[in-house]
2 protein chains.
Amino acid sequence: MTIEQDTVRDLLWQLAFQFKVRCHQAVRESGLDLGGMHVRMLQVIDEEPQCTANRLCQRSGRDKAQITRLVKELERQGLVKRSPHPTDGRSQVLQLTGRAKRLVGRVREVEQDVERQYVEGLSERELAAFVATGRKMLDNVSEVD
Amino acid sequence: MTIEQDTVRDLLWQLAFQFKVRCHQAVRESGLDLGGMHVRMLQVIDEEPQCTANRLCQRSGRDKAQITRLVKELERQGLVKRSPHPTDGRSQVLQLTGRAKRLVGRVREVEQDVERQYVEGLSERELAAFVATGRKMLDNVSEVD
DNA sequence: AATTTATAGTTGATATTGTCTACTAAACAG
DNA sequence: CTGTTTAGTAGACAATATCAACTATAAATT
């Protein structure tokens, strides 16, 4: 199948969708059973030093309610532990279990293969420019408080 | 809220999601009652000379089943007409009704406002480069038959 | 021409993701 | 102490996506 697009919006729509589909498929094929959102959450928790649910909202742009449910499932699957936040009693610190860390590692490799396929034939500079422009766009619509 | 990301994948994920949310909101606020996918379909039908459901699949990358349902609803809402394809008996030609055409026009304006916000501060050349790079990526993962 | 194989579209079941509202409890500001 | 904001939870529901089975036609094969 040949993918086509025309506006910036369509372009992004296609790129993101195809990325999602391919990553999800690659993850499944490597024998792991994780939904796309679950993977995303695990990755953020892995990166963020003292990750909280609220942090996940900020990083993902998704609704609080959705985050709550995702975290709940991840906890049920033994991938995330919650501990009370040291200074904020409303909040909880999220941490990956050892199993989850190994999982995230494997997922990263699989997803990097997908990403390599995407950026094949692009120079370092071209890719850097693409990312820089994309970030500017994100900044444009990111509300400053 | 401040939007953040880190890999190419995260960047695209955020850009597309925010775009979707903002466009959908803008469309709603202008008094129109159309889901995101429905809008997308109408736009493609509007652009494609002899659009068929299959064409919608190719252009959107979405599943046949989903397309069928979307078209069915659009027809029910009096936005799309189907007529038998002149040369292929399995296929049907999709066409916008007058009402749908007017709708698409209004939606375009609303969405262009959103897009303008995105690309604010970007030079023509920067934007062109972004789109060109994005298209290359899409080509990279587009299966050649 | 008859037979196989591929394609366009449909349907049903189900899973995943997203949205909205209302709520609790802790934090914070005055 | 009081009112307001913030972090997270829960329920109901809508939108989107996935998968498999099926029909009818088209196209290819022999």
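Residue numbering restarts at 1 for every chain, and letters A, B, ... go by the order of the sequence lines. Just so we're clear, the structure is a prediction, and the values are computed from it rather than from any experiment.
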Under 3.5 Å donor-acceptor pairs involving side-chain atoms of residues 113-123 of chain A, not counting sequence neighbours:
from   : atom 1 : to     : atom 2 : distance (Å)
A:D113 : OD1    : A:R116 : NH2    : 2.7
A:Y118 : OH     : A:F19  : N      : 2.9
A:S123 : OG     : A:E126 : N      : 3.0

How long is the gap from [atom1] on [X] to [atom2] on [Y], to the nearest 0.5 Å?
X     : Y      : atom1 : atom2 : answer
B:L42 : B:K101 : CG    : NZ    : 12.0 Å
A:R82 : A:E75  : CZ    : CD    : 4.0 Å
B:D46 : B:M41  : CG    : CE    : 13.5 Å
B:R55 : B:S60  : CZ    : OG    : 10.0 Å
B:L96 : B:I45  : CG    : CD1   : 5.5 Å
B:Q43 : B:R59  : CD    : CZ    : 9.5 Å

Are a donor atom and an acceptor atom from the side chains of B:Q18 and B:R22 found within less than 3.5 Å of each other?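 Yes, side-chain donor-acceptor contact under 3.5 Å.
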So A:D63, base contact, sugar-phosphate only, or nothing? Heavy-atom distance under 4.0 Å.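 The answer is base, as A:D63 lies within the cut-off (heavy atoms under 4.0 Å) of a base atom.
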Base, sugar-phosphate, or nothing: which does A:R40 touch, judged by heavy atoms less than 4.0 Å apart? nothing
Please list each protein N or O that sits under 3.5 Å from an N or O in nucleotides 27-30 of chain C, with the distance.
from   : atom 1 : to    : atom 2 : distance (Å)
C:dA27 : OP1    : A:G89 : N      : 2.7

Rounded to whole Å, please give me the gap between [atom1] in [X] and [atom2] in [N].
X     : N      : atom1 : atom2 : value
B:Q92 : C:dT7  : CD    : C1'   : 14 Å
B:K64 : C:dT11 : NZ    : P     : 13 Å
A:L56 : C:dG18 : CG    : P     : 14 Å
B:R59 : C:dA8  : CZ    : P     : 17 Å
B:L94 : C:dA8  : CG    : P     : 13 Å
B:R28 : C:dG18 : CZ    : C1'   : 12 Å

Report all side-chain donor-acceptor pairs from residues 23-39 of chain A shorter than 3.5 Å, counting only partners two or more places apart or in another chain.
from  : atom 1 : to    : atom 2 : distance (Å)
A:Q25 : NE2    : A:E29 : OE2    : 3.4
A:S30 : OG     : A:V27 : O      : 2.9

Distance to the ring centre below 6.0 angstrom and angle to the axis at most 45 degrees; does that hold for B:R135 and B:F130?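 No.
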Check for me whether A:R62 meets the cation-pi criterion with B:W13, that is, NZ or CZ under 6.0 Å from the six-membered ring centre and within 45 degrees of the ring axis. yes
Of A:D33 and B:S91, whose closest DNA chain C nucleotide lies nearer the 5' terminus? B:S91
Between A:R9 and B:K20 (side chain of the first, backbone of the second, donor and acceptor by atom type, cut-off under 3.5 Å), is there such a pair? no
Output the residues of residues 100-114 of chain A in contact with DNA chain C, where contact means a heavy atom of the residue under 4.0 Å from an atom of the strand; sort by number or write none. none
Quick one, which residues of residues 65-74 of chain A touch DNA chain C with a heavy atom under 4.0 Å?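 Those residues whose heavy atoms fall under 4.0 Å from DNA chain C, taken from residues 65-74 of chain A in numerical order, are A:A65, A:Q66, A:R69.
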Mapping A:V21 and A:N54 to their closest nucleotides on DNA chain D, which lands nearer the 5' end? A:N54
First and last nt of DNA chain D near chain B, cut-off under 4.0 Å to heavy atoms, 5' to 3', are D:dT16 to D:dA26
Show the numbers, then the answer: is there a side chain to side chain donor-acceptor pair (under 3.5 Å) between B:Q66 and B:R69? CA-CA 5 Å; B:Q66 199 186 347; B:R69 277 183 260 276; over 6 Å; no
Examine B:L56 and B:V107 and state if one hydrophobic cluster contains both, with Ile, Leu, Val, Met, Phe, Trp and Tyr joined whenever side-chain heavy atoms are less than 4.5 Å apart.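 Linked, B:L56 and B:V107 end up in one cluster.
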